[in-house]
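To start, the structure under review is shown below, and the notes come after it.
Each chain gets a letter, A, B and so on, in the order the sequences are listed, and its residues count up from 1.
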There are 2 protein chains.
Amino acid sequence: MSDPIRSENLLYLTDEQLRQGIEAMYFAYRGFTADPDRILESLAYGRAHHRAIHFINRAPGTTVTNLLDILGVTKQSLNRVLRTLIEDGLVESRVGTSDRRERNLYLTEDGTALERRLSDSQRARMRAAFREAGPDDVAGFRRVLEAMMEGEMKRQYRSLRETGK
Amino acid sequence: MSDPIRSENLLYLTDEQLRQGIEAMYFAYRGFTADPDRILESLAYGRAHHRAIHFINRAPGTTVTNLLDILGVTKQSLNRVLRTLIEDGLVESRVGTSDRRERNLYLTEDGTALERRLSDSQRARMRAAFREAGPDDVAGFRRVLEAMMEGEMKRQYRSLRETGK
DNA sequence: ACAATACGTCAGCTTTGTTGACACTCCAAG
DNA sequence: CTTGGAGTGTCAACAAAGCTGACGTATTGT
């Protein structure tokens, strides 16, 4: 309390500030999903399909179990989504080479095309937001979001980030 | 391209950076909802109930239509949630004074108590994240999120922000 | 040979969203 | 004073996407 640095750190953490952060998160997430949702709706897919497609594209050859860990859903739930994607020819499921119990998941050409469409729309919004803000704000945005993740999710996020370019 | 300032601004807008922003948003939102979800689960409520409670607390006396605008769902969907909250004695629905077709919504004592519990848990995480980052990062976080909202949502957000302290 | 793992699937349930249809109350305008 | 329309509530039916539990099959490793 008497420590000036500590006081300064607490200065902007009023309940009002926090509540504004909460509401910002709520409204922004809706914007974040709005564009892909519109595309998906016209294809009779949902957000669950988008997530599967995103992370298969992100880590081609990933196994079902790995995808379950990332998405945090049950295999029954994921399977329903995965089945339709495979039936529709967007995802390919290949028997694992080293361990043949595993299934390695890949996007087909069509799957890659849809992924592009979805991520293009989402990136466009993200790009506009990043541009409207600025480099420093973007860094802050990322740091706060990372601090908000649960432990396991943070691990997943970081591991994906390393995998990336 | 030859403009150094413009180049610098574009530097952080690579597809890789944007994708990291997208994944950060996805994982962070899960952390954001995790704590309230755990509380709600033990009460047989869901996120829809939380949202209703949050915004009724935020703007006591709000009408159903206003709530529909904020939440962006159908009245049938909201009504189901609202009904259980009223039956359970968490929300009170009073006939409007100026226009008696309207229903003004208020939290009861119990409703206020639950709202506290939910928002306390969510604020705690937000506070921890804000603290782990820092004032500048928080400002950036908020600016990027606001830029990410859809027009209508941004209006709602700003109007709520003004209403606040 | 046998237990454990990875995956798929069947059945059934829940929450939260959707449409469409209809009734009631009430305000305001003709 | 009647009537149209807005605000609200409710019924029915349905869909997406999560869940649990149980079971079967293929494969692996001990």
**Item:** Ion pair Arg117(A)/Asp120(A), N-O distance below 4.0 Å
**Value:** no

**Request:** Taking only Lys NZ, Arg NE, NH1 and NH2, and the carboxylate oxygens of Asp or Glu, determine whether Glu23(A) and Arg161(B) approach each other closer than 4.0 Å.
**Result:** no

**Request:** Measure from CG on Asn79(A) to P on dA6(C) and round the result to the nearest Å.
**Result:** 16 Å

**Prompt:** Rounded to the nearest Å, what distance is computed from the CG atom of residue Leu67(A) to the C1' atom of nucleotide dG8(C)?
**Reply:** 15 Å

**Message:** Closer than 4.0 angstrom, basic N to acidic O: yes or no for Arg155(B) and Glu152(B)?
**Reply:** yes

**Prompt:** What's the CZ-C1' distance between Arg94(A) and dA26(D), to the nearest Å?
**Reply:** 20 Å

**Message:** Check Glu146(B) with Arg143(B), please: is the shortest side-chain N to carboxylate O separation under 4.0 Å?
**Reply:** no

**Item:** Value in whole Å for how far the P atom of dT14(C) lies from CG of Leu40(B)
**Value:** 18 Å

**Item:** Electrostatic pair Arg58(A)-Glu115(A), nearest N-O below 4.0 angstrom
**Value:** no

**Complete:** With B for base contact, S for sugar-phosphate-only contact and - for none (protein heavy atoms under 4.0 Å), nucleotides 14-24 of chain D reads ---BBBBBB--

**Asked** Please give, in whole Å, the distance from dG29(D) P to Asp99(A) CG?
**Response** 6 Å

**Fill in**
DNA chain D nearest-nucleotide lookup for Ser93(B) and Val95(A): closer to the 5′ end is Ser93(B)

**Message:** Tell me the interatomic distance from Arg100(B), atom CZ, to dC27(C), atom P, rounded to whole angstroms.
**Reply:** 6 Å

**Interatomic distance, Arg83(B) CZ vs dT15(C) P [rounded to whole Å]** = 13 Å

**Asked** Can you say whether the rings of Phe27(B) and Tyr157(A) are parallel (under 30°), tilted (30 to 60°) or perpendicular (over 60°)?
**Response** perpendicular

**Item:** Spacing of Asn104(A) atom CG relative to dC7(C) atom C1', expressed in whole Å
**Value:** 12 Å

**Asked** Looking only at N and O atoms, is any donor in the side chain of Arg101(B) or the base of dT25(C) less than 3.5 Å from an acceptor on the other one?
**Response** no

